Amino acid sequence: MEKDIFCKIIDGEIPCHKIYEDDDVLAFLDISQVTKGHTLVVSKKHHENFLTTPQEEMHKVMDVAQKIGQVSVKLLGANGVNILTNCYPASGQTVMHFHVHVIPRYEGSEGFILEMKNNSEGLNLPAIAKKIKEQL
Ligand code: 5GP
C-alpha cells in the first residue's frame, strides 16, 4: 500500500519544519499556513483519523497540541487558537492519517473563518440526544 504523505514525513522521506518529536508524536508546520504558526500534530503510528485512533495515542497527540497552543499564545502573540481535527472527507479531511491542526488566531487578521451557522430549525433535539446517549 502506498504510504500517505505524513508517513513519508515521519520516515524522513519528505522534509518538514519540525517543531516537536517524541516516540509517538511528531509536530511540524503546515505547508499551507492558514495563519502564522499553523501546526500539524500527528500520531507516528498510522491511524486514519481521530475517531479510529486508540485512546492512549490520541491523548498523546492532544497533549502536544495543547502545549503548542499554549506556546502560540505566549510566544507568537496569538490572541486565540483553534484546535481542529477533521475525520473523513465529508468533514474536509484530505490526508487520511490522524492529525490535529493548531491554528493560532490573531485579532483583526483574516485567513481563517470558522463559521458555525445555526441549522437547528426542524431538528428533533430530544430524539437526537437520546439516540447518541443510548450508545455511550
Ligand atoms: P486535512 O485537510 O486533512 O485536515 O489537513 C491536511 C493538511 O496537510 C493541510 O492543511 C495541508 O496543507 C497539509 N499538508 C499536505 N501536504 C503536506 C506536506 O507535504 N507538508 C506539510 N507540512 N503539510 C502538508
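Order of listing sets the numbers, starting from 1, for every ligand and every atom in it. Everything quoted here is computed from the prediction, not taken from an experiment.
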Salt bridge present between Lys60 and Asp24 (N-O < 4.0 angstrom): yes

Measuring only between side-chain heavy atoms, which start at C-beta, is Asn49 closer than 4.5 Å to Gln93? yes

Test: Glu13 and Lys3 ion pair at under 4.0 Å: yes

Can you tell me if Glu107 uses its side chain to pair, donor with acceptor, with the backbone of Asn79 under 3.5 Å? no

With a 4.5 Å heavy-atom cut-off, do Leu26 and Ile9 have their side chains touching? yes

Quick one: do Lys131 and Glu134 satisfy salt bridge (Lys or Arg N to Asp or Glu O under 4.0 Å)? Show the steps, please. CA-CA 5 Å; Lys131 199 168 193 175; Glu134 277 169 2; over 6 Å; no

Exercise answer, ligand 1 polar atom pairs (N/O) under 3.5 angstrom:
residue, atom, partner, partner atom, Å
ligand 1, 2 (O), Gly92, O, 3.0
ligand 1, 2 (O), Thr94, N, 3.4
ligand 1, 2 (O), Thr94, OG1, 3.0
ligand 1, 3 (O), Thr94, N, 2.7
ligand 1, 3 (O), Thr94, OG1, 3.2
ligand 1, 3 (O), Val95, N, 3.0
ligand 1, 3 (O), His99, NE2, 3.1
ligand 1, 4 (O), Asn86, ND2, 2.8
ligand 1, 4 (O), His99, NE2, 2.9
ligand 1, 4 (O), His101, NE2, 2.8
ligand 1, 5 (O), His99, NE2, 3.1
ligand 1, 5 (O), His101, NE2, 3.2
ligand 1, 10 (O), Asp30, OD1, 3.3
ligand 1, 10 (O), Asp30, OD2, 2.5
ligand 1, 12 (O), Asp30, OD1, 2.5
ligand 1, 22 (N), Leu29, O, 2.9
ligand 1, 22 (N), Ile31, N, 3.3
ligand 1, 23 (N), Ile31, N, 3.3

